[in-house]
Amino acid sequence: MLKLNGMPIDSIETPDYIKKLPSIYSILFPEGYEILPNTTELFELEFAFYEQSIISKEEIIKRGAFFKSVDGKLTNHYIICSNNSPLIWEGRSEITQAYFKEGNFSTGYASHGLFPYRGKFHPQLIKGILNVLKLQPGDVVLDPMCGSGTLNVEASTIGINSIGVEKSPFCVLMSRVKYESLKVSNTTLSDIINNQNKSYKILIKNKRLPKEFEFTNIFDPEKTITLLAFFDAMGYARRCAKSIDVLFPKVIKRYVAQITSFVEARDKLSLKIAKARFELGDAKSLPIDNDSIDGIITSPPYSFAIDYAENDRPQLEYLDYDITSLKDGMVGLKGKARKEKLDNYFEDMDKVLSEMARVLKIGKYAVIIIGSNDIQTGGIRLEKKIAEIAINHSFVLDQKIIKPIKGIQNTMKDEYILFFRKEGS
Ligand SMILES: C[S@@+](CC[C@H](N)C(=O)[O-])C[C@H]1O[C@@H](n2cnc3c(N)ncnc32)[C@H](O)[C@@H]1O
């Protein structure tokens, strides 16, 4: 029996004033709203509060990112995430399993878990931002530096059309696979498993992308999902010094389990996946018409914190791309000394923001997520500098939310979510 000061704990009376203290949840949310498990961080509560204040109960059930249920009815987000198959984390280290379980409602659902792209968005947060921006089915949202396509996946599952532009051809492939995976049939998933040995033999035998796997015009989901799993196993083998022969079957099994979990939920909820288009292009000269976009959500490189081309070298080489010329066009990778790199970075970001202002409709929002590492930038705060540049391109900063970055190894402690509105008459 638990005791406190020698008294059984059950027999201790809670003083009245403590009984009367309201919980933070009851202050933030009216009765009937049940928040998702593990929603404890301040930025999550902020977004949950905004969702509840901005969109209707019906919309929270269909597209909310932070609630488990409203008036007893489970939300689609909860249903999609709780359908995750344990096969997704089977056979992985305890640390990885714990990471997956903790991220069940925030990162590990739909097709986000395919290929662990460094520097990717927090998917649940993106859904929350789409809700705060009140984007509606039929609207078009853009990520001009789409990386692994997180925005496109999130937008598609709640009926919003999207465009992803990326400089790296590997990222264009990855984004497209993550998006196309949302639409696959069970037959395609069985074919992936049935043909995995045959596919692997072709892929491993070649040093460059074999003809059978080319995807320029016709996008074959079976082949491209298999190819992404092969690339994932290739990167994994490089990191953990295990043989790709051993890793590939595990990765492909996990991919199929992950996609199956989503497909089951998709069919149960009769979700319609909206359209998404991906372009190999440059955020400094977007292949998009003036005043045509209803919202932008993006996260540019945080100056030169990550060398995205070097990171994906094995995959880019397999796809037969020249990494040196790719680096020339990528934001954050030009120059040698710190000052030169930073000058080039801000010059490029000026062009990116000018393009974002050109394609966005007046009165609509561009949300930029950016972190700053003082040591790397010599004390310059990127979020401040980006806001200064944005203001020169007819943007007004309406809101700023801070999101802490977890992990003791990170020297960057916070990310800033900056809401810029395009001004004009
Ligand atoms: C922080 S990551 C974006 C991650 C993305 N939000 C996601 O969820 O996966 C920044 C991306 O910008 C891309 N990039 C860098 N320079 C670019 C340019 N000039 N045009 C388009 N994309 C670029 C990089 O390849 C990288 O994928």
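Atoms within each ligand, like the ligands themselves, are counted from 1 in listed order.
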### Query
Under the 3.5 angstrom rule, does the side chain of Tyr345 hit a backbone N or O of Pro301 as a donor-acceptor pair?
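Here the side-chain-to-backbone pair exists.
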
### Message
Taking Leu173's backbone N and O only, do any of them form a donor-acceptor pair with Lys178's side chain (distance below 3.5 Å, no angle check)?
### Response
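It does not hold such a pair.
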
### Query
Using a 4.0 angstrom limit on heavy atoms, which residues are close to ligand 1?
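Under the 4.0 Å cut-off, ligand 1 touches Tyr117, Gly119, Lys120, Phe121, Asp143, Pro144, Met145, Cys146, Gly147, Ser148, Thr150, Glu166, Lys167, Cys171, Gly281, Asp282, Ala283, Lys284, Ser299, Pro300, Pro301, Tyr308, Gly329, Met330, Val331.
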
### Message
For Asp320, is there an ion pair with Arg208 - N to carboxylate O distance below 4.0 angstrom?
### Response
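A salt bridge is present here (some side-chain N lies under 4.0 Å from a carboxylate O).
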
### Message
Can you tell whether the side chains of Asp71 and Lys73 come within less than 4.0 Å, N to carboxylate O?
### Response
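No, no charged N to carboxylate O under 4.0 Å.
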
### With Ala265 via side chain to side chain contact (heavy atoms under 4.5 Å, CB included) - residues at least two apart
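Side chain to side chain contact (heavy atoms under 4.5 Å, CB included) list for Ala265, sorted by chain: Ile80, Asn83.
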
### Query
Between the side chains of Tyr117 and Asn311, does any donor sit under 3.5 Å from an acceptor?
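Side chains of Tyr117 and Asn311: no pair found under 3.5 Å.
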
